[in-house]
Amino acid sequence: MSAAKTSPADEKAPAKKPDHVFLIDGSGYIFRAFHALPPLTRPDGTPVNAVLGFTNMLLKLVSDTDAEYIAVLFDTARKNYRNDIFPDYKAHRPPPPPELIPQFALIREATKACNVPQLEMEGFEADDLIATYARQAAEAGAQVTIVSSDKDLMQLIGPQVSMLDPIKNRPIGPAEVEEKFGVGPDKVVEVQALAGDSSDNVPGVPGIGVKTAAELIKTYGSLEELLARAGEIKQPKRREALQQNAELARISRRLVLLKNDVPVKQPFTAFARREPDAALLIPFLEENQFRSVLARVQGQFAKKSAGDAAVADGSGKGHAAAKQAAASAKPTGEAAYELVMTEAELARWVAAAREKGAVAFDTETTSIDPMQASLVGFSLAIETGRACYVPVGHRGGPPQGQLDLGGDGEGGLLPNQIPLAKALALIKPLLEDPSVLKIGQNIKYDMTIMAAHDIAIAPYDDTMLISYVLAGGAHGHGMDELSELHLNHRTIHYEEVAGTGKAQVTFDRVPLDKALAYAAEDADVTLRLHQVLKPQMLAERLATVYETIDRPLVPVVMAMERAGVRLDRKVLQDLSADFAARLIELEKQIHKLAGHEFNIGSPKQLGEVMFDEMGLGGGKKGKTGAYATGADVLEELAAQGHDLPARVLDWRQLSKLKSTYTDSLQEQINARTGRVHTSFALAATSTGRLSSTDPNLQNIPIRTEEGRKIRRAFVAEKGWVLLSVDYSQIELRLAAHMAEVPQLKEAFREGIDIHAMTASQVFGVPVKGMDPMVRRRAKAINFGIIYGISAFGLAAQLGIPQGEARAYIDAYFKRYPEILGYMDRTKKFARDHGYVLTLFGRRCHVPGILDKNPARRSFMERAAINAPLQGTAADIIKRAMIRVPAALADAKLQARMLLQVHDELLFEVPKAEAKDTAALVKKVMERACAPALELDVPLVAETGTADNWADAH
DNA sequence: CCGATCACG
DNA sequence: GACGTACGTGATCGGA
């Protein structure tokens, strides 16, 4: 012990960090590992898959954690005190499978071999022991980690107690509990008492599941409160179930409530951590033939015995041994990732990738915006677990805000990296090699980065897009989510290497070891996702959508993003100034009308001013209890002659236009290009549409005159003009085709005014001299059809009573019964399959179509009705977009495609080519279905040309 | 970080 | 008949 350690100064050091206690749920792990891991037997035939999983897990936990106390807790016999409360508790559990039985004893042996304390007690479950020690340790001020994924333990989570899922290696916190139970850890017991648990035979209240239970507990706070006030429940069935089964619920609560005062013989301090002992561990591993673990453990023991003074040898035999150990272990996270620092090494990786014919590729950069990003490094993966990272732009540690004196100081490039130009020269032939498939995750990003260095990636696959065609609408398609879903692997998250919030650094400041672990894993995971998802896509017969629509769209959209759109900054500046002045004036008037100043932008304050202070008619709304102050409410009040809401409507409009558009668009102009580059998301929507972000250029105002002024700021470069081409009524045309409505199809073929015709046929009035109000009603119904019409929605849209809306809808369906048939067929298809289809075969998933809650179910039914229409329209415009570049090139036209706004394409065209380009694009768009599909209705695209976007419409 | 609001198709 | 609504997005703001 050094002198410093005993110095008085040290004794006055800040309070030591709280003790950390690890409580491992041994019994829970056995069952889960047994089912999660493939069968595995010792040479003598003894099954050991759960034992191996357990041993791996325990050794990893012990080596990764800083815990001072560690214990594994086990169940004993199957009967315990809960059977006295409820004899059927866990009664229907089948006996454990025969292959599992010998593993119970072996796992206790493994625990002993790992030198970790263990405990079991007659009459109690492991969960009760964990609850008891967790309480004890927390009261002593310690931090507790419960290693288990058992939902029954989630009730213990709190400020000092957390959980860790040992198989997914993922923390379970209040958020995960909330996701599972709909309530926080403190209310889990109440929810379980109501919902019961079929696997443990906890009865609960019949007819109440987790969702309903969470809802009830959120409202009433506790089981007892709920039972006391059960009479208030509106739904008769639910009310009766609660009243009749109150006692069953109370028993259930006692069953799920863990006993945290088991009379344990020893305190948690008896579980002081002990390091693995070679004399115990190695014989055990040999006996069970756990060779990969053995190799790893021997390496660790060897390293330790080599002495602390010796410098670890990272090359030679040790390296090879580590690689060998990793090859047989779980694919990622082990040591087969390589940092490439020389051209020769990179050349070897490139050659190996060529040999394979496929390589996963990923870039690391300084920004999530590829138009502002610089390349920092790239990673390659050529087989599972075999990946490398090639740094080309890493810099010294984080900038200290001090002067960088030395030339090679903190801010300069790290030495020994391959020079960027050399690395690019080596990688370009691979990325452009037509015989090597490049696999990316959101490859449009990497393509954009490499395009800036004059490298075109082809051929390619994109795991994000493959996932999207497989599961669009079912879940997200980010790499982290896909990895957990398909590989059961939690990736290193960007925040974990680059930090978070203010302390976040750009990737060029991430140390090389961390960068390697993160970047190589990304490529590795991408490759493994491809191995899982591509066969699935082929088996599910979804390859056509991917190969004919989503994949070829990637370079097209990339080119649009890179082209960007020109903005006239002066127009925006002047508008901002104009809006600012008018906002100040409106503010004054509004405050005067209110009698005092308040924040007009706060719906809460506005509601209080209008409804509490001024006494305007209107009511509370919504879950939050705040007044509704939406535009519809304000319009109603304004129509009654109230001045303040009318002014607020003006204020809201100008304030929105200024903050969302005139101010922020100016800031989005790229300094390098002088243009605005949006990012189109290819896998974001549930219907197949694109979306646009940073900035969103798909919601630039047009509907009001003030808004249109903003579109005037979207301009073409000198000598060029903007060309807008948009589909006319595409979704309604598709509805006519898909529902096979003869009159509607006929009307579209004749090119007549569809809304007027609908009005005429539904309301029985002649088209000639029609009241515009009648046509407006028909138009609203037609829109409603596309949205999965409801009387409520139509009534709200038209401002008429619901009964009247109902009558319109009935009249419509009577006239066009095919539409009703289409809607019923679509709903049935969605219920049977969980998704609906576009005409091109894209699946749009509608999770929740079978939801027991009628509101949510109706919601999903309307979405199911809408998705084939919206989604087919999306497929069609995507097909057109893919064909446009080649059509332009063939015609030797220079036009650039800039934006897509769902049914519109915007181009920048040399003035002299405007007419030809318009005709060409119109043709491509109108024929976009062919040859895959022939519609019974014509598609019509309309063109407009001007020097700004507003006038091009 | 979520809900309300509002811009677009 | 319950439930609570038109379909699909993204950005901004206020307020916990």
Side-chain angles (χ1 to χ4, degrees), chain A residues 175 215 233-238 472-473 598-607 621-634 648-649 652-661 663-665 668 678-681 684-704 706-708 710-711 726-727 729-731 735 780-798 802 805 809 844 846 851-871 873-874 877 899-904:
Chain A
E215 208 181 298
I233 304 228
K234 275 181 258 162
Q235 302 91 330
K237 265 179 109 174
R238 197 176 284 178
F598 69 100
N599 187 344
I600 305 166
S602 161
K604 184 169 179 274
Q605 293 181 33
L606 176 64
K621 263 288 135 14
K623 306 110 201 181
T624 52
Y627 289 114
T629 68
D632 48 348
V633 177
L634 298 189
V648 171
L649 280 168
R652 283 234 180 113
Q653 187 193 21
L654 293 184
S655 159
K656 176 88 171 184
L657 294 178
K658 182 169 185 292
S659 69
T660 310
Y661 301 103
D663 286 353
S664 74
L665 278 177
Q668 301 270 5
T678 184
S679 174
F680 287 105
T685 70
S686 60
T687 55
R689 273 191 178 179
L690 305 185
S691 76
S692 160
T693 58
D694 307 305
N696 182 352
L697 295 186
Q698 290 182 320
N699 70 346
I700 301 303
I702 189 167
R703 291 173 185 169
T704 67
E706 292 305 318
R708 286 180 76 88
I710 291 164
R711 284 209 174 202
D726 68 298
Y727 283 113
Q729 317 260 27
I730 185 166
E731 289 181 17
I781 298 174
N782 280 334
F783 266 96
I785 295 303
I786 292 164
Y787 295 154
I789 200 153
S790 73
F792 181 94
L794 184 64
Q797 179 64 35
L798 288 174
Q802 237 185 93
I809 294 171
C844 306
V846 275
D851 201 309
K852 284 203 290 291
N853 179 321
R856 280 196 289 269
R857 191 173 59 245
S858 309
F859 186 76
M860 294 319 296
E861 285 174 351
R862 290 194 296 272
I865 290 166
N866 172 258
L869 301 167
Q870 194 181 110
I877 196 168
L899 298 176
Q900 187 250 47
V901 193
H902 312 308
D903 63 358
E904 170 191 6

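Residue numbering restarts at 1 for every chain, and letters A, B, ... go by the order of the sequence lines. Because the structure is predicted, anything quoted here is derived from the model rather than measured.
A salt bridge does not link A:Glu215 with A:Lys852: every distance from a Lys NZ or Arg NE/NH1/NH2 to an Asp or Glu carboxylate oxygen is 4.0 Å or more. No salt bridge links A:Asp851 with A:Arg857; every basic N to acidic carboxylate O contact stays at or beyond 4.0 Å.
Looking at A:Ser691, its side chain has no donor and acceptor atom pair within 3.5 Å of the base of C:dT9. At a cut-off of 3.5 angstrom, the base of B:dG9 holds at least one donor-acceptor pair with the side chain of A:Arg689.
Applying the 4.0 Å criterion to OP1 and OP2 of C:dT5, one finds that A:Arg862 has every side-chain N and O outside that range. Between A:Arg703 and the phosphate of B:dG9, there is a side-chain N or O to OP1/OP2 separation shorter than 4.0 Å. Using a 4.0 Å cut-off, some side-chain N or O of A:Gln235 falls inside it from OP1 or OP2 of C:dC3. Distances shown here put a side-chain N or O of A:Arg652 below 4.0 Å from the OP1 or OP2 atom of B:dC6.
Here the P atom of nucleotide C:dC7 and the CD atom of A:Glu861 are 12 Å apart, to the nearest Å. B:dT5 atom C1' lies 19 Å from atom OH of A:Tyr627, rounded to whole Å. In this structure, A:Arg857 atom CZ and C:dC7 atom C1' are separated by 19 Å, rounded to whole Å. Rounded to a whole Å, the CG atom of A:Leu657 is 18 Å from the P atom of B:dT5. A:Ile233 places its CD1 atom 16 Å from the P atom of C:dA2, with the value rounded to the nearest Å. Atom CD of A:Gln900 and atom C1' of B:dC8 are 12 Å apart (whole Å). A:Gln729 has its CD atom 20 Å from the P atom of C:dC7, to the nearest Å. For the pair A:Phe859 CZ and C:dC3 P, the interatomic distance rounds to 18 Å; values are reported in whole Å.
Using a 4.0 Å heavy-atom criterion, one finds that A:Ala631 contacts the sugar-phosphate atoms exclusively. At the heavy-atom level, A:Ile702 lies under 4.0 Å from the strands shown only through sugar-phosphate atoms. Looking at heavy-atom distances under 4.0 Å, A:Gly630 makes contact with sugar-phosphate atoms alone, never a base. Counting any heavy atom pair closer than 4.0 Å across all strands shown, A:Ile700 reaches sugar-phosphate atoms only and no base atom. A:Ala864 comes within 4.0 angstrom of nothing in the nucleic acid, heavy atoms only.
Counting only heavy atoms from C-beta on, A:Gln797 has its side chain closest to C:dA6 among C:dG4, C:dA6, C:dC7.
Heavy atoms only, all atoms of each residue included: A:Pro701 and A:Ile710 are closest at CG-CD1, 4.0 Å.
With hydrogens and angles disregarded, no donor-acceptor distance shorter than 3.5 Å links the side chain of A:Gln802 to the backbone of A:Ala795. Judged by distance alone, the side chain of A:Glu731 and the main-chain N or O of A:Leu869 form no donor-acceptor pair under 3.5 Å.
Distance check on atom C1': B:dC6 versus C:dG1 gives 35 Å, rounded to whole Å. Rounded to a whole angstrom, the distance from the P atom of B:dA7 to that of C:dA2 is 36 Å. Remark: the separation of the P atoms in B:dT5 and C:dA6 is 12 Å, to the nearest Å.
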- Is there a side chain to side chain contact (heavy atoms under 4.5 Å, CB included) between A:Leu899 and A:Phe680 once you walk through the steps? CA-CA 9 Å; A:Leu899 298 176; A:Phe680 287 105; 4.0 Å; yes
- Query: Passes side chain to side chain contact (heavy atoms under 4.5 Å, CB included), A:Ile700 versus A:Leu665? Steps please.
  - Reply: CA-CA 10 Å; A:Ile700 301 303; A:Leu665 278 177; 4.3 Å; yes
- Evaluate the criterion side chain to side chain contact (heavy atoms under 4.5 Å, CB included) for residue pair A:Ile781 and A:Phe783; output intermediate values, then yes/no. CA-CA 5 Å; A:Ile781 298 174; A:Phe783 266 96; over 6 Å; no
- Message: Before you tell me yes or no, could you show the steps for A:Tyr787 and A:Leu794 under side chain to side chain contact (heavy atoms under 4.5 Å, CB included), namely the whole-Å CA-CA distance, both residues' side-chain angles and the distance that decides it to 0.1 Å?
- Response: CA-CA 10 Å; A:Tyr787 295 154; A:Leu794 184 64; over 6 Å; no
- Base-pairing string, 5' to 3', of DNA chain C - Watson-Crick or wobble, under 3.5 Å, | interstrand: ......|||||||||.
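Residues A:Asn696 and A:Thr678 form no side-chain contact, since every pair of their non-hydrogen atoms from C-beta on lies 4.5 Å or further apart. In this structure, A:Gln668 and A:Leu697 have side chains that are not in contact, with every pair of non-hydrogen atoms separated by 4.5 Å or more.
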- Item | nucleotides 11-16 of chain C: protein proximity per nucleotide (B base, S sugar-phosphate only, - neither; heavy atom, under 4.0 Å) | BSSSSS
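Along DNA chain C, the nucleotide nearest to A:Gln870 and the one nearest to A:Asn853 differ in position, and the one closer to the 5' end is contacted by A:Asn853.
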